[in-house]
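If you're wondering where the values come from, they're calculated on a predicted model, not measured in any experiment. Numbers here are sequence positions counted from 1.
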Amino acid sequence: MRYPFVAGNWKMYKTTAEAKAFAKEFKKIYVPSDVRVAIFAPFTQLAALAEEFRGSGIGLGAQNVHYEKEGAYTGEISIPMLTEIGVEYCIVGHSERRQYFNETDETVNLKAKALLAAGITPIICVGEDLYQREHNYQDKLVAEQVANALAGISPEDAAKTVIAYEPIWAIGTGRTATPIQANQMCEVIRRELTKIYDEETADRVVIQYGGSVKPENATEILNMEEIDGALVGGASLEPLKFNEIINF
Ligand code: PGA
């Protein structure tokens, strides 16, 4: 039931004109296959991309959201606002949001619950920093992040989530986890899912690796047993590179 899923996280890159130019280029080379593909763009580019991607098979995601439906939250974006545009996915708990914008396990959990209730697939990001890796805390930390993110979520809903293992020390650094290291951590995640739920549920959750994935290392990483896909930052900004990763 699991599907390969390559997601492009644009972070705070590309204006609307640049996003449209990407879409036009990318649609020329992209061939739909059994690999699910989605672009996670800044909020202001989502409507234009929804238009560009209509009927192309290319999915659309947001990089963050507020968990309340509406309210006095200046500067925030709600789930109904995303639904209206046709957004199908949303990243939750990216390490950059945890690090710079006070995202916590608790807000990750609230966002994941609200997204699932609205039929949007959350990509829940987990991963250790360099200090934690050097002190061998990664298994415990990542298992805890998964358990906290999914607290109070039913097995049926949990099976619909995507989890992205992104070691912080490998994001945007050019340093990649070895395929074996990445696979081991995806195994840790699946074991935790089995512990919280059961084997059947754990088997259904799509687990991505993220952190300096590029055309040169995508094949090796994506062919690992426990790794179902990739969350790609830098290399998703260029249509050719991103397409090469999809065709791993
Ligand atoms: P990167 O980013 O591929 O540029 O390392 C990955 C991510 O942060 O999702």
Going by chain and number, the hydrophobic cluster around I168 (ILVMFWY, side chain to side chain under 4.5 Å) further includes none
What's in the same ILVMFWY side-chain cluster as Y137, cut-off under 4.5 Å, chained through other members? Y131
Show your reasoning for whether side chain to side chain donor-acceptor pair (under 3.5 Å) applies to N183 and Q181. CA-CA 5 Å; N183 194 63; Q181 278 176 326; over 6 Å; no
Under 3.5 Å donor-acceptor pairs involving side-chain atoms of residues 220-233, not counting sequence neighbours:
| residue | atom | partner | partner atom | Å |
| --- | --- | --- | --- | --- |
| N223 | ND2 | T219 | O | 2.9 |
| E226 | OE1 | R190 | NE | 2.7 |
| D228 | OD1 | R2 | NE | 2.9 |
| D228 | OD1 | R2 | NH2 | 3.4 |
| D228 | OD2 | R2 | NE | 3.0 |
| D228 | OD2 | R190 | NH2 | 3.1 |
| D228 | OD2 | I207 | N | 2.8 |

Run I123 and F5 through side-chain contact (heavy atoms from CB on, under 4.5 Å) and show every step you take. CA-CA 11 Å; I123 297 193; F5 184 12; 3.9 Å; yes
Determine which pairs satisfy salt bridge (Lys or Arg N to Asp or Glu O under 4.0 Å) with at least one residue from [range], sequence neighbours left out, and list them in order.
| range | result |
| --- | --- |
| residues 161-179 | none |
| residues 126-147 | E128-R133, K140-E144 |
| residues 7-18 | K11-E96 |
| residues 38-58 | K24-E52, K27-E52, E51-R54 |

Just wondering, more than 12 heavy atoms not from E70 lying within 6.0 Å of its CD?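 Result for CD/E70: open.
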Give a yes or no on whether Y13 atom OH has more than 12 heavy-atom contacts from other residues, nucleotides or ligands under 6.0 Å away.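 Result for OH/Y13: open.
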Are any side-chain N or O atoms of [X] and backbone N or O atoms of [Y], one a donor and one an acceptor, separated by less than 3.5 Å?
| X | Y | answer |
| --- | --- | --- |
| Y209 | G211 | yes |
| R98 | C125 | yes |
| T161 | P122 | no |
| T107 | E103 | no |

Find out if a path of hydrophobic residues (ILVMFWY) with successive side-chain heavy-atom gaps under 4.5 Å connects [X] to [Y].
| X | Y | value |
| --- | --- | --- |
| V162 | V205 | no |
| V92 | L110 | no |
| M185 | V206 | no |
| L237 | I246 | yes |
| I189 | I180 | yes |

Pair K241, E244 - check salt bridge (Lys or Arg N to Asp or Glu O under 4.0 Å), show working. CA-CA 5 Å; K241 274 196 187 171; E244 264 188 75; over 6 Å; no
With side-chain contact (heavy atoms from CB on, under 4.5 Å) as the criterion, how do Q145 and D105 come out once you've worked through the C-alpha distance, each side chain's angles and the decisive distance to 0.1 Å? CA-CA 7 Å; Q145 285 179 328; D105 280 1; 4.1 Å; yes
List for me each residue that meets side chain to side chain contact (heavy atoms under 4.5 Å, CB included) alongside R204, sequence neighbours excluded, and say none if there are none.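 Checked R204 against side chain to side chain contact (heavy atoms under 4.5 Å, CB included); matches are M1, A159, E200.
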Walk me through it: do N148 and V108 pass the test side-chain contact (heavy atoms from CB on, under 4.5 Å)? CA-CA 8 Å; N148 291 339; V108 168; over 6 Å; no
Closest approach of [X] to [Y] (non-hydrogen atoms, all atoms of both residues):
| X | Y | result |
| --- | --- | --- |
| S78 | V65 | C-CG2, 3.7 Å |
| N64 | L82 | O-CD1, 4.4 Å |
| G8 | F242 | N-CZ, 3.6 Å |
| I196 | A147 | CD1-CA, 3.7 Å |
| F248 | V35 | CE2-CG2, 4.1 Å |
| Y30 | S33 | OH-N, 4.4 Å |

Taking only residues two or more places apart in sequence or in another chain, which ones pass side-chain hydrogen bond (donor to acceptor under 3.5 Å, both in side chains) with [X]?
| X | result |
| --- | --- |
| D198 | T201 |
| K20 | none |
| Q208 | none |

Under a 4.0 Å threshold between the charged nitrogen and the carboxylate oxygen, would K28 count as salt-bridged to E25? yes
So, applying side-chain hydrogen bond (donor to acceptor under 3.5 Å, both in side chains) with N109, which one of E106, K113, K111 is it? K113
Could you check whether any side-chain heavy atom of [X] comes within less than 4.5 Å of a side-chain heavy atom of [Y], counting everything from C-beta outward?
| X | Y | result |
| --- | --- | --- |
| R36 | Y89 | yes |
| D34 | Y3 | no |
| L150 | I124 | yes |

Identify, with sequence neighbours excluded, every residue that meets ring-ring contact (aromatic ring centres under 6.0 Å, His included) alongside W10. F22
